[in-house]
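Notes follow the structure.
Letters go in sequence order (proteins before strands), and every chain restarts at 1.
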There are 2 protein chains.
Amino acid sequence: MIEHQNTNPQELLHSHQLKSTACREGILQAMLDVREALSEHEIRTHLSVDFDRTTFYRSFKTLLEHQLIHKIVLDPQKIKYAVHTHRGSEHAHFYCEQCDSVRCVDGIHMPVVPLPEGYLIHHTDLIIRGLCHNCNTNVS
Amino acid sequence: MIEHQNTNPQELLHSHQLKSTACREGILQAMLDVREALSEHEIRTHLSVDFDRTTFYRSFKTLLEHQLIHKIVLDPQKIKYAVHTHRGSEHAHFYCEQCDSVRCVDGIHMPVVPLPEGYLIHHTDLIIRGLCHNCNTNVS
DNA sequence: TTTTTATTGCAACATAGTTGCATTGAATCA
DNA sequence: TGATTCAATGCAACTATGTTGCAATAAAAA
Ligand SMILES: [Mn+2]
Ligand SMILES: [Mn+2]
Ligand SMILES: [Zn+2]
Ligand SMILES: [Zn+2]
């Protein structure tokens with residue numbers, strides 16, 4: 001199985017012309033380690049150093065603006081972040097309603113939406129909710 | 001053009017075995033009047049009486065649970081609610097990034113997603129972001 | 001009319017995120 | 001090396017979106 005290169009926070013940041021700070025590195029490292037979309041809290045617990053919430057969110061903002069990461073909004077109180085890997089930027093997300101995990105889903109052609117005349121599409125968000133393999137198979 | 005019946009808060013509530021309270025009625029009336037998805041604030045300004053935020057959110061919760069309305073989460077700080085009309089429950093939403101409006105979009109077949117073995121789909125959310133006819137045509 | 005049940009309002013709390021301002025720290029320039 | 005500069009950090013305060021506990025009130029049922 002071929003592992004993708006660039007799975008290194010410093011390199012990632014540098015390749016996007018961003019300074020390599022402790023907080024940014026930590027966020028990226030957590031995401032690369034876990035390989036799942038993570039909430040602020042989940043990233044925080046994964047980290048050894050503790051940053052102020054402001055710093056954290058400013059890092060998120062920077063990483064989002066430079067498209068190193070993306071954000072998955074499941075609910076106003078349920079937000080996850082994931083790295084942008086080599087996959088196409090338009091992809092779906094699967095949310096497991098039982099174990100609360102979010103995974104990026106490749107290979108989905110976004111639906112062609114019959115919108116009225118004059119509408120312009122910038123971006124399409126597709127979130128699939130259900131049970132992941134683990135939660136669906138290992139029934140209690 | 002055929003107008004759908006039941007466009008009346010009291011009837012709507014009653015047909016779903018829900019008590020007809022002032023807050024519930026107000027929320028539904030606002031949505032039926034405007035015919036767009038509305039935020040809490042937008043509904044509030046549309047109403048004459050002012051309810052406590054708790055009452056408001058408890059009404060939302062009840063209406064959501066009984067499927068009289070549905071919720072469109074655009075961002076943690078950008079939430080809209082819309083009535084469930086006769087349209088199918090699975091439908092897409094269009095969000096105009098300029099005028100901030102959300103409209104329910106009918107006639108979209110949700111994409112068939114090639115998920116790995118064992119995954120179970122409960123629901124699919126599709127949000128299309130861009131410019132509405134008005135904002136796209138009337139360029140500044 | 002009395003009892004029961006549901007709704008409302010208030011206070012307090014939680015999560016997600018932003019802004020202003022002062023401080024620190026890391027590069028860059030001389 | 002030292003001074004300048006600019007970005008990153010931390011703290012305080014604030015916004016939006018909810019939720020929970022508890023007491024008061026209003027509506028339905030007995
Ligand atoms: Mn993703
Ligand atoms: Mn809708
Ligand atoms: Zn799961
Ligand atoms: Zn618009």
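Atom CG of B:Leu18 and atom P of D:dA27 are 17 Å apart (whole Å). Remark: C1' of D:dG10 and OH of A:Tyr57 are 16 Å apart, rounded to the nearest angstrom.
Judged by distance alone, with hydrogens and angles left aside, B:Glu40 brings no side-chain donor or acceptor close enough to the base of D:dT17 to form a pair under 3.5 Å.
Nearest approach of A:Lys80 to A:Ser101, heavy atoms of both residues: NZ-CA, 4.5 Å.
Residue A:Arg24 places at least one side-chain N or O under 4.0 Å from the OP1 or OP2 atom of D:dA8. Side-chain N/O atoms of A:Ser59 include none lying less than 4.0 angstrom from OP1 or OP2 on D:dA8. Note on B:Tyr81: every side-chain N or O is 4.0 Å or more away from OP1 and OP2 of D:dT17.
No engagement by B:Lys80 is indicated, since no non-hydrogen atom pair under 4.0 Å with the nucleic acid exists.
Applying the 6.0 Å contact sphere to NE2 of A:His123 captures more than 12 heavy atoms from other residues, nucleotides or ligands. Other residues, nucleotides and ligands place more than 12 heavy atoms under 6.0 Å from the NE2 atom of B:His16.
Under the 3.5 Å distance criterion, the side-chain polar atoms of B:Asn136 are matched with a main-chain donor or acceptor of A:Gly118.
Between B:Asp75 and B:Lys61, the residue anchored nearer the 5' end of DNA chain D, judged by the nucleotide with its closest heavy atom, is B:Asp75.
With respect to B:Arg44, the side chain to side chain donor-acceptor pair (under 3.5 Å) criterion is satisfied by exactly one of B:His41, B:Glu40, B:Glu42, B:His46: B:Glu40.
A distance of 10.0 Å separates CD in A:Glu36 from SG in A:Cys104, rounded to the nearest 0.5 Å.
Using bins of under 30°, 30° to 60° and over 60° for the plane-to-plane angle, the ring pair B:Tyr119/A:Phe94 lands in the perpendicular bin. Taking the six-membered ring where the residue is Trp, B:His91 and B:His84 present perpendicular rings, their angle passing 60° and hence far from 30°.
For the segment residues 44-54 of chain A, the set of residues with a heavy atom within less than 4.0 Å of an atom of DNA chain C comprises A:Arg53, A:Thr54, in numerical order.
Within the 4.5 Å cutoff, side-chain heavy atoms of A:Ile72 are placed close to those of A:His70.
When the nucleotides D:dA8, D:dG21, D:dT17 are ranked by their closest atom to the side chain of B:Arg58, D:dG21 comes out on top.
Contacts between chain A and DNA chain C, taken as any atom within less than 4.0 angstrom of a protein heavy atom, begin and end at C:dT15 to C:dG20.
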